Amino acid sequence: MLRAALLYLSTKRQLGQAMDRLALTRRLVRRFVAGTTADEAFAVIGRMQNTGLLSAITYLGENVRTGAEARRAAEVYLDLLDEIKRRNLHCVASLKLTHLGLDLSEALCRENLERVLDRSQAAGERCWIDMESSAYTERTLALYDSVRPRYPNAACVIQAYLRRSEDDLRRLLRLGATIRLCKGAYREPPQLAFPTKREVDDSYGRLLDLLLSSEALAAGVYPAFATHDEPLIWRAARRAGDLRIPPEKFEIQMLYGIRHDLHARIRARGLRVRVLVPFGEEWYGYFVRRLAERPANLLFLLKNLLRG
Ligand SMILES: Cc1cc2nc3c(=O)[nH]c(=O)nc-3n(C[C@H](O)[C@H](O)[C@H](O)COP(=O)(O)OP(=O)(O)OC[C@H]3O[C@@H](n4cnc5c(N)ncnc54)[C@H](O)[C@@H]3O)c2cc1C
């Protein structure tokens, strides 16, 4: 119930403007968001790189309303990629298609996406196309399919909570795609998504096994397991070990601000860890989705608000 209510609120941007005025909210937001500027994000990424972590950078924003905003988002990603190269960082971009204009026009979104993919490819890096709510699943996968032949560096996301995901994954496996597996962060109806944590975790486990198989790797698949769920992370590590899949053939991905205590332990097993570092003024939707994942975050916020 609480999760559903928070996910509903995550679509109400006006609330973000009100919340932004509260110093406490800004403090809690900073737990999950590196800052409002790219420099702040790069400072975090540089520190993480010194401890052996890989990173992905996200310029926060989604569902833009004008072509100018969509083009501006693409420009920011191009500047970020130039800066990553200049600073010699092991960092890739992770972006949302509705930030690049998918709600406005597919042609505009594709044009923006191809510019970013082009620049990432020139740098020899992958570029992750995040998966948004189920209203976008089909269009996101279709766009991914159509750009992939020209941009093998394009990487896509499968959400374990969606009932359709096993079919989508099997198709992507045959293509030898680069695939991030996450649980899924949006409000979805039970016809489309498994409603209980147990079912979502089971689905994640099944899809993880498919991604870490000799057949998938022979097809050229590069899997990324995006989760903070320890049993699932160790399941990936064990399975890779059992199948003698070398650590450079897959990675574990985590979000900035969540379970940093796990980074060193995962790296000690010889595995690659990539942390997704978001920054920007448009933190609201991203932040409320983080609250929805863990009600304790919301209780902390409320307790401190009441204390004044
Ligand atoms: C790198 C990365 C990329 C992602 N990309 C996408 C995407 O493209 N599309 C999409 O729909 N979703 C995406 N997600 C979000 C994902 O779908 C989940 O909503 C999120 O990762 C929480 O699920 P979990 O796998 O960590 O498991 P959970 O079962 O939710 O959590 C496992 C444990 O992790 C910790 N934890 C999890 N979330 C929080 C939190 N917010 N605050 C504090 N502790 C927490 C807790 O200890 C919890 O017990 C991404 C996640 C990651 C890590």
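A quick note: this is a predicted structure, and the numbers were derived from the prediction, not measured.
Contact check for Ser133 versus Glu188: side-chain heavy atoms found under the 4.5 Å cut-off. The shortest distance between side-chain heavy atoms of Asp202 and Arg198 falls below 4.5 Å. Residues Tyr186 and Tyr161 have side chains in contact (heavy-atom distance under 4.5 Å, counting atoms from C-beta outward). The closest side-chain heavy-atom distance from Gln121 to Pro152 is below 4.5 Å. Looking at Val277 and Phe42, their side chains never come closer than 4.5 Å, going by heavy atoms from C-beta outward. Considering only heavy atoms from C-beta on, Leu54 comes within 4.5 Å of Arg272 through its side chain. Looking at Leu78 and Glu83, their side chains never come closer than 4.5 Å, going by heavy atoms from C-beta outward. For the pair Leu212 and Ile245, the minimum side-chain heavy-atom distance is below 4.5 Å.
Using a distance-only test at 3.5 Å, with no hydrogens or angles considered, no donor-acceptor pair links the side chain of Arg119 to the main chain of Leu80. Not a single donor-acceptor pair under 3.5 Å links the side chain of Glu281 to the backbone N or O of Gly61. The backbone N or O of Leu141 lies less than 3.5 Å from no partner atom in the side chain of Tyr136, so there is not a single donor-acceptor pair. Proximity of a side-chain donor or acceptor of Arg31 to a complementary backbone N or O of Gly257 within less than 3.5 Å is detected. A donor-acceptor pair under 3.5 Å links the side-chain atoms of Ser203 to the main chain of Ala160, judged by distance alone. Without hydrogens or angle criteria, Glu114 side chain to Glu111 main chain gives no donor-acceptor distance under 3.5 Å. Although no hydrogens or angles enter the test, the distance criterion places no donor-acceptor pair under 3.5 Å between the side chain of Tyr151 and the main chain of Leu113. Listed for the Ser105 side chain is a donor-acceptor partner under 3.5 Å among the backbone atoms of Ala107. Not one N or O on the side chain of Arg71 forms a donor-acceptor pair closer than 3.5 Å with the backbone of Asn112. Between the side chain of Glu69 and the main chain of Arg65, a donor-acceptor pair closer than 3.5 Å is present.
Note: Ile158 CD1 to Arg164 CZ = 8.0 Å, rounded to the nearest 0.5 Å. Interatomic distance, SG of Cys91 versus CD1 of Ile84, reported as 4.0 Å (0.5 Å rounding). For the atom pair Glu282 CD and Phe287 CZ, the distance stands at 15.0 Å (nearest 0.5 Å). Taking CG of Leu271 as the reference point, atom CD of Glu248 lies at 11.0 Å (rounded to 0.5 Å). Rounding to the nearest 0.5 Å gives a distance of 10.0 Å between CG of Leu117 and OH of Tyr144. The distance from atom OG of Ser55 to atom CE of Met48, rounded to the nearest 0.5 Å, is 5.0 Å.
Heavy-atom minimum distance, Thr178 versus Ala154: CB-O, 4.3 Å. Scanning all heavy atoms of the two residues, the minimum distance from Pro278 to Tyr256 falls at CD-CB, 3.9 Å. Considering every non-hydrogen atom in both Arg163 and Pro195, the closest pair reads NH2-CD, 3.8 Å. The two residues Val221 and Gly176 make their nearest non-hydrogen contact at CG2-CA, 3.7 Å. Between Leu89 and Gly46, the shortest heavy-atom distance links the atoms CD2-CA, 4.2 Å. Scanning both residues, Cys127 and Val116, for their nearest heavy atoms gives SG-CG1, 4.1 Å.
Crowding of Arg139 atom CZ: a count of heavy atoms from other residues, nucleotides or ligands under 6.0 Å exceeding 12.
A donor atom on one side chain and an acceptor atom on the other are found under 3.5 Å apart for Glu251 and Tyr222. Ser146 and Arg110 share a donor-acceptor pair across their side chains, judged by distance under 3.5 Å alone. Remark: the Ser94 side chain and the Arg180 side chain contain an N/O donor-acceptor pair separated by less than 3.5 Å. Using a 3.5 Å distance cut-off with no hydrogens or angles, the side chains of Asp82 and Tyr77 do not pair a donor with an acceptor. Side chains of Thr98 and Glu132: a donor on one and an acceptor on the other come within 3.5 Å.
One hydrophobic cluster, built from ILVMFWY side chains closer than 4.5 Å, holds both Leu143 and Ile129. Cluster membership for Trp283 and Leu276, using ILVMFWY side-chain heavy atoms within less than 4.5 angstrom, is shared. In the hydrophobic cluster analysis, where Ile, Leu, Val, Met, Phe, Trp and Tyr join through side-chain heavy atoms closer than 4.5 angstrom, Leu81 is grouped together with Ile57. Cluster annotation: Tyr286 is connected to Ile258 through the hydrophobic network of ILVMFWY side chains, with a link wherever side-chain heavy atoms come within less than 4.5 Å. Put simply, Val275 and Leu232 are part of the same group of oily side chains (I, L, V, M, F, W, Y) that touch within less than 4.5 Å, one to the next.
With respect to Ile179, the side chain to side chain contact (heavy atoms under 4.5 Å, CB included) criterion is satisfied by exactly one of Leu173, Val157, Asp168: Leu173.
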| task | Would you please test Arg174 and Glu215 for salt bridge (charged side-chain N to carboxylate O under 4.0 Å, His left out) and show each step? | result | CA-CA 9 Å; Arg174 288 194 290 274; Glu215 300 75 42; over 6 Å; no
| said: Could you walk me through whether Ile233 and Ile266 satisfy the side-chain contact (heavy atoms from CB on, under 4.5 Å) test, starting with their C-alpha distance in whole Å, then the side-chain angles of each, then the deciding distance to 0.1 Å, before giving a yes or no? | reply: CA-CA 8 Å; Ile233 292 171; Ile266 302 171; 3.9 Å; yes
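Note: Tyr59 and Phe279 meet the aromatic proximity criterion, with ring centroids under 6.0 Å apart.
Of the charged side-chain nitrogens involved, at least one lies within less than 4.0 Å of a carboxylate oxygen, so that Arg290 and Glu293 count as a salt-bridged pair. Between Lys96 and Glu62, none of the side-chain N atoms (NZ, or NE/NH1/NH2) sits under 4.0 Å from a carboxylate O, so this pair counts as no salt bridge. Salt-bridge formation is not detected for the pair Asp201/Arg235: no Lys NZ or Arg NE/NH1/NH2 atom is positioned less than 4.0 Å from an Asp or Glu carboxylate oxygen. A salt bridge links Arg170 with Glu166: at least one charged nitrogen is closer than 4.0 Å to a carboxylate oxygen.
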Counting only pairs under 3.5 Å, give me each side-chain donor-acceptor contact of residues 223-231, with atom names and distances, residues two or more places apart or in other chains.
| residue | atom | partner | partner atom | Å |
| --- | --- | --- | --- | --- |
| Thr227 | OG1 | Asp229 | N | 3.0 |
| His228 | NE2 | Leu255 | N | 3.0 |
| Asp229 | OD2 | Lys183 | NZ | 2.7 |
| Glu230 | OE1 | Trp234 | NE1 | 3.1 |
| Glu230 | OE1 | Arg265 | NH2 | 2.7 |
| Glu230 | OE2 | Arg259 | NH2 | 3.2 |

